[in-house]
Q: 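Structure below; questions to follow.
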Amino acid sequence: MHFIEGISNFEGQTVNLKGWIANKRSGKGLFFIVLRDGTGFIQCIVDQNSVDEATFNNATKIGLESSVEIEGQVVKDERQIGGFEIQVSKLNIYQVAEEYPIAKKEHGVDFLMDKRHLWLRSKKQWATMRVRNKVIYNIHRFFQKNGFMQMDSPIFTGNAAEGSTTLFETDFYGEQAYLAQTGQLYGEAMAMALGRIYTFGPTFRAEKSKTRRHLSEFWMIEPEMAFYDAKMNMDLIESFIKSVVKRTIEECKTELETLDRDTSLLQKLTETSFPRMSYTDAVAIIKGEKDVEGRNAIKLLEEDLGQVKQEITDKEAEIEEREAKINAGGMKKGEVNFNRNKIDTLKAEIKELKEKEENIPQWLESARNFQFGEDFGGSDETVLTRLFEVPIMVYNWPKKIKAFYMKEVDDDPDFVQGVDVLAPEGFGEIVGGSVREEDKEKLIAQIKVHDLPMEAFEWYLDLRKYGSVPHAGFGLGLERLICWICNTKHIRESIPFPRMYGRLFP
RNA sequence: UCCUCCUUAGCUCAGUUGGUUAGAGCGGUUGACUGUUAAUCAAUAGGUCCCUGGUUCGAGCCCAGGAGGGGGAGCCA
C-alpha cells in the first residue's frame, strides 16, 4: 500500500493506492478519476485499451466518494497539480457510493454544517485540518524546545473564576460544577511547581455569540512562567507566534495554496518586530488623534469606504455587461455557464462589499466616539489593525475592564500590566496575557472589588503565601490562530466538529 | 437579550403589478465524445414554494403570528 503524499518517489513504478473518488470525468473509453486518500489528491487514468474488462466496468459504476483500491504506474505529467498521475492497471471497489450529497458546486453554510461529517472530505476542509495539525505540532514543538512543561488543567471546575454568566453548568455527583473557561489559575499553581508550563486543552464559553469568531468549545494554549515580567512575556509571545507561523507556512505550502492563501504578509511578520503600544496610544490612534508613520486610521478607513463604493459600482457594471452578452444570444452553452457562474460570484462579492459599505461608517462613528477607559470592540480592533501588516501588541490596560488577577502598572495604579495581541487582516485578538498580581493583600482587595467568592480562591491565595514570585502568562485561541494562518472567514471551519450557539450536531 | 437579513427541486438560486400548467444551472439517470481539470453535448426524471392563520374571485408574491438559519452588537480567544 502506498500513499499519494510522496508518490513522486515512485515515478515509473507500479503502486497500490486506497482511497475515495473525489472527482470523475469521462471520455470515450476513458475515465479521469481524481483519487483522494487523506494524504493528497491525484488524477488516475482508466483507459479501456490497457485494463481488463472488470476494471473498466468498475470504473463505469463508481460515483463520487465511492471507495476503491487502485493499482497503476506513476507517470510524470506537468499538467497535473501534483505533477504526477496514475496509469491505472487495476481498480477494485470497496463500496459504490450512491448520490453523494455534497456536489462539485458551492453550497450554503447550513447545508454544509449539517453534513460536516462529509464536508471534512472536501479539499479546503482537508487542507485546513492539515494546517490545524501542523499548528498544534509546532506549538508543542516551540514550548518543548524552550524548556516548558505541558500540563493539563481540569475541565470540571467548582467555582466560576471570572464570573458565572458565561459558564456551562453541569452536575458533578450532585454538586454544581462548571466546564472550565480557562485553566490559568491552575496553570499558575503548576508554574510554581515546575517553573515554566503550558496548558493545551478545550475551553468552554456559554456566551450566546453568533459571530464568525466565536465557538462554545474551543482549544486554548495557556503558558505560565515564574519570574517573568511584562517585557519577557511580550518577547515570548512574539517569538512564539513567529516560530509557529514560520514553520507552519513552510510545512503547509500545498495546503495553503489549496486555500488560496497569499502568505506574503505571514512571511513578512517572521522577520519584522511586532509594534508595541500602550492602551493610551492605541486609543489616540483609533480616535484619529495620532498618526502611525504618517498614516491616519480614520482617514484610511474613509478612503477604504470610497474604494468599496467604487468596487460595488464596477462589479454591478460587469454583471450588467455579462447579462447583456448572454441575452444577446449566439453564445455556446459552456460560455453561458461560465458567465452565469461569474455573475453568481460577483453577486456574492457585492453582498459582502455592501455589508462593508454599511459597516464602515458605523466603525468610524464608534471610533471617533471611543471613550477612554473602555474595552475595544471588534470594530475598534479593525480600525487599529488596519494600519499594520503584522500583529501588534497593546499593553497597560485600564484596571477596571480587566481581570482581577492582573498586576498594576508600577507608577499608575489605574492601569494593569495586561497585553493583547491583535492579528492583522481583520482577524483581531488572538492572544490575551498579563503579569499576575503576586501580592496577597492586593489580590484579596481585587477579589472583593470584583465581588467574587473569597472561599473559592483560598487555594489560589496560598500561591501568594508560600514563596510568591513575580510571574506572567498568556492565552492563545487555537482556532483564531488557524483562521488567521489559513485566511478562513468562519471559525467553525477551523475545528473538525464545531460546537457553537445553535449547533450541537453532527 | 437586542438589531438586521434569509427560507422556492437533492444543491445554488431566478420568479415582473397578486393572475391560467412553477423556472434555470449544478447534481441524478440514459446516451454521445480519446486528455478532461467544477469537462462538454443531447435527452430525461425530480416541487407540501418553511409552518399556521388572514385579506382576496384568485397568494410563491400582501398582512399577522410562529419555526429554522445567516451576519452583527454585547462578551471574549
Side-chain angles (χ1 to χ4, degrees), chain A residues 22-34 41 43 45 47-49 63-64 77 79-81 85 87 98-115 123 162-163 165-166 181-182 184 203-222 323 326 332-341 343-345 347-348 351-352 354-356 358-359 362-363 366 374-379 381 401-403 420-423 427-433 474-484 489-492 494 501-503:
Chain A
N23 200 0
K24 183 182 151 186
R25 292 173 289 271
S26 62
K28 179 169 176 144
L30 201 59
F31 287 107
F32 303 96
I33 289 164
V34 177
F41 294 77
Q43 174 161 286
I45 314 299
D47 188 336
Q48 194 165 18
N49 298 323
L64 283 188
D77 189 323
R79 290 170 292 187
Q80 302 310 322
I81 294 172
E85 62 179 23
Q87 277 291 341
E98 313 236 350
E99 299 212 25
Y100 185 67
I102 300 180
K104 296 180 284 183
K105 202 200 169 304
E106 278 183 43
H107 293 281
V109 183
D110 191 33
F111 175 79
L112 289 171
M113 285 308 299
D114 283 343
K115 303 269 182 289
K123 223 169 186 178
E162 302 175 28
T165 50
T166 63
Q181 62 167 350
T182 170
Q184 187 208 306
T203 332
F204 307 88
R205 305 268 166 102
E207 292 145 0
K208 289 182 178 173
S209 303
K210 279 171 75 173
T211 80
R212 62 180 71 181
R213 12 173 244 292
H214 288 91
L215 289 168
S216 304
E217 176 184 298
F218 64 97
W219 289 70
M220 194 150 69
I221 294 91
E222 295 183 286
E323 268 171 355
I326 292 170
K332 268 190 169 178
K333 200 170 173 186
E335 211 180 339
V336 171
N337 283 342
F338 176 79
N339 276 296
R340 286 213 174 117
N341 291 336
I343 288 170
D344 282 353
T345 312
K347 277 185 180 169
K351 218 174 183 179
E352 225 167 88
K354 286 212 162 151
E355 205 176 287
K356 225 175 175 185
E358 230 170 83
N359 283 337
Q362 288 170 23
W363 294 350
S366 129
E374 290 189 357
D375 206 351
F376 296 166
S379 72
E381 286 177 9
I401 58 168
K402 287 292 183 185
D420 279 6
V421 178
L422 307 178
F427 285 94
E429 186 176 352
I430 51 169
V431 166
F474 63 92
L476 169 106
L478 176 67
E479 285 77 15
R480 286 196 180 169
L481 176 63
I482 293 167
C483 281
W484 170 42
K489 293 215 171 105
H490 306 273
I491 199 159
R492 60 183 162 228
S494 65
Y501 183 53
R503 175 66 62 183

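The chains referred to below are lettered A, B, ... by the order of the sequence lines, with proteins before strands, and numbering in each begins at 1.
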Q: From C-beta outward on A/Ser26, which listed nucleotide comes closest to its side chain: B/rC33, B/rG35, B/rG74?
A: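 For the A/Ser26 side chain, the nearest candidate turns out to be B/rC33.
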Q: I'd like the P distance from B/rA24 over to B/rU36, given in whole Å.
A: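 Looking at atom P only, B/rU36 and B/rA24 are 30 Å apart.
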Q: Hey, does A/Val34 reach any base, or is it just sugar-phosphate, or nothing, if we go heavy atoms under 4.0 Å?
A: nothing
Q: What's the gap between B/rA14 and B/rC50 when it is taken at their P atoms, as a whole Å value?
A: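 The answer is 13 Å between these two P atoms.
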Q: Would you say A/Glu429's side chain and A/Asp420's backbone share a donor-acceptor pair under 3.5 angstrom?
A: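 Side chain of A/Glu429 to backbone of A/Asp420: no pair is present.
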Q: Within the structure provided, determine whether A/Arg480 and A/Ile491 are in side-chain contact (heavy-atom separation under 4.5 Å).
A: yes
Q: Return whichever of A/Val431 or A/Tyr501 has its heavy-atom-nearest nucleotide of RNA chain B closer to the 5' end.
A: A/Tyr501
Q: Taking any strand in view, what nucleotide pairs with B/rG19 in a Watson-Crick or G-U wobble way, both distances under 3.5 Å?
A: B/rC57
Q: Would you say A/Arg212 places a side-chain N or O within less than 4.0 Å of OP1 or OP2 belonging to B/rG71?
A: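 Checking B/rG71 against A/Arg212, no side-chain N or O comes under 4.0 Å of OP1 or OP2.
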Q: Kindly compute the distance separating NE2 (A/His107) from CG (A/Leu112), expressed to the nearest 0.5 Å.
A: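 These two atoms lie 6.0 Å from each other.
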Q: Which part of the nucleic acid does A/Gly108 contact within heavy-atom distance under 4.0 Å: base, sugar-phosphate only, or nothing?
A: sugar-phosphate
Q: On a whole-Å scale, what distance lies between the P atoms belonging to B/rC49 and B/rG10?
A: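 My reading of the P atoms in B/rC49 and B/rG10 gives 12 Å.
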Q: Which of the following nucleotides, B/rG35, B/rA77, B/rC11, is nearest to the side chain of A/Glu429?
A: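 It is B/rA77.
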Q: So which nucleotide from B/rU34, B/rA77, B/rC75 ends up closest to the side chain of A/Asn49?
A: B/rU34
Q: Considering heavy-atom distances to RNA chain B, does A/Gln87 or A/Phe111 have its closest nucleotide positioned more toward the 5' end?
A: A/Phe111
Q: Compare the ring of A/Phe32 with the six-membered ring in the base of B/rG35 and state whether they stack (centres under 5.5 Å, planes under 30°).
A: no
Q: Counting the atoms with a prime plus P, OP1 and OP2 as sugar-phosphate, which does A/Glu374 contact under 4.0 Å by heavy atoms, base, sugar-phosphate, or nothing?
A: nothing
Q: Write down the partner of B/rA73 under the Watson-Crick or G-U wobble criteria, each distance required to be under 3.5 Å.
A: B/rU1
Q: What's the CG-P distance between A/Asn23 and B/rA39, to the nearest Å?
A: 4 Å
Q: If you check the A/His214 side chain, which of B/rG71, B/rA77, B/rG69 turns out closest?
A: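 Nearest listed nucleotide: B/rA77.
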Q: Decide yes or no for A/Ile33 and A/Glu85: does some side-chain heavy atom of the first lie under 4.5 Å from some side-chain heavy atom of the second?
A: no
Q: Output yes when a side-chain donor or acceptor of A/Glu479 lies under 3.5 Å from a complementary backbone atom of A/Arg492, and no otherwise.
A: no
Q: Nearest to the side chain of A/Arg492, which nucleotide is it out of B/rG70, B/rC76, B/rG72?
A: B/rG70
Q: Ignoring hydrogens and geometry beyond distance, is the side chain of A/Glu85 in donor-acceptor contact with the base of B/rG35 at under 3.5 Å?
A: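 Looking at the base of B/rG35, it does pair with a donor or acceptor on the side chain of A/Glu85 (distance under 3.5 Å).
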Q: Considering only atom P, compute the distance from B/rG58 to B/rU40 and round it to an integer number of Å.
A: 46 Å
Q: With respect to the side chain of A/Glu207, which nucleotide from B/rU12, B/rC76, B/rU1 is positioned closest?
A: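 Among B/rU12, B/rC76, B/rU1, the one nearest the side chain of A/Glu207 is B/rC76.
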Q: If you measure from the P atom in B/rU12 to the same atom in B/rG70, how many Å do you get, rounded?
A: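 To the nearest whole Å, 13 Å.
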Q: Which nucleotide, in any strand shown, forms a Watson-Crick or G-U wobble pair with B/rA67, with both distances under 3.5 Å?
A: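 Partner of B/rA67: B/rU7.
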Q: Please classify the nucleic acid contact of A/Gly502 as base, sugar-phosphate, or nothing, using heavy-atom distances under 4.0 Å.
A: sugar-phosphate
Q: Under 3.5 Å, is there a donor on one side chain and an acceptor on the other for A/Thr166 and A/Gln181?
A: yes
Q: Expressed as a whole number of Å, how far does the C1' atom of B/rA59 sit from that of B/rG69?
A: 24 Å
Q: Using a heavy-atom cut-off of under 4.0 Å over every strand shown, decide if A/Ile430 touches base, sugar-phosphate, or nothing.
A: sugar-phosphate
Q: For B/rA73, does either OP1 or OP2 sit under 4.0 Å from a side-chain N or O belonging to A/Asn359?
A: no
Q: Is A/Arg25 close to A/Val34 at the side-chain level, that is, under 4.5 Å between some pair of heavy atoms?
A: yes
Q: Distance criterion of 3.5 Å, no angle test: do you see the side chain of A/Gln43 paired donor-to-acceptor with the base of B/rU36?
A: yes
Q: Check every strand shown and say whether A/Leu478 touches a base, only sugar-phosphate, or nothing at a heavy-atom separation below 4.0 Å.
A: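 Result for A/Leu478 = nothing.
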Q: Are the side chains of A/Arg213 and A/Ile430 in touch, meaning some heavy atoms are under 4.5 Å apart?
A: no
Q: From the set B/rA77, B/rG35, B/rU37, return the single nucleotide nearest to any side-chain atom of A/Arg25.
A: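 The answer is B/rU37, which lies nearest to the side chain.
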Q: Using atom C1' in both nucleotides, what's the gap between B/rG66 and B/rG23 to the nearest angstrom?
A: 30 Å
Q: Please state the C1' separation for the pair B/rU29 and B/rG46 - nearest whole angstrom.
A: 11 Å
Q: Of all the choices, B/rU36, B/rA38, B/rU12, which nucleotide is nearest to the side chain of A/His107 once you look at every atom?
A: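 Among the listed nucleotides, the one closest to the side chain of A/His107 is B/rU12.
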Q: Any idea which of B/rC11, B/rG35, B/rC76 is nearest the A/Arg205 side chain?
A: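 Given the options B/rC11, B/rG35, B/rC76, the side chain of A/Arg205 is closest to B/rC76.
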Q: Select one nucleotide: of B/rA77, B/rU12, B/rG35, the one nearest the side-chain heavy atoms of A/Ile491.
A: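 Of B/rA77, B/rU12, B/rG35, B/rA77 is nearest to the side chain of A/Ile491.
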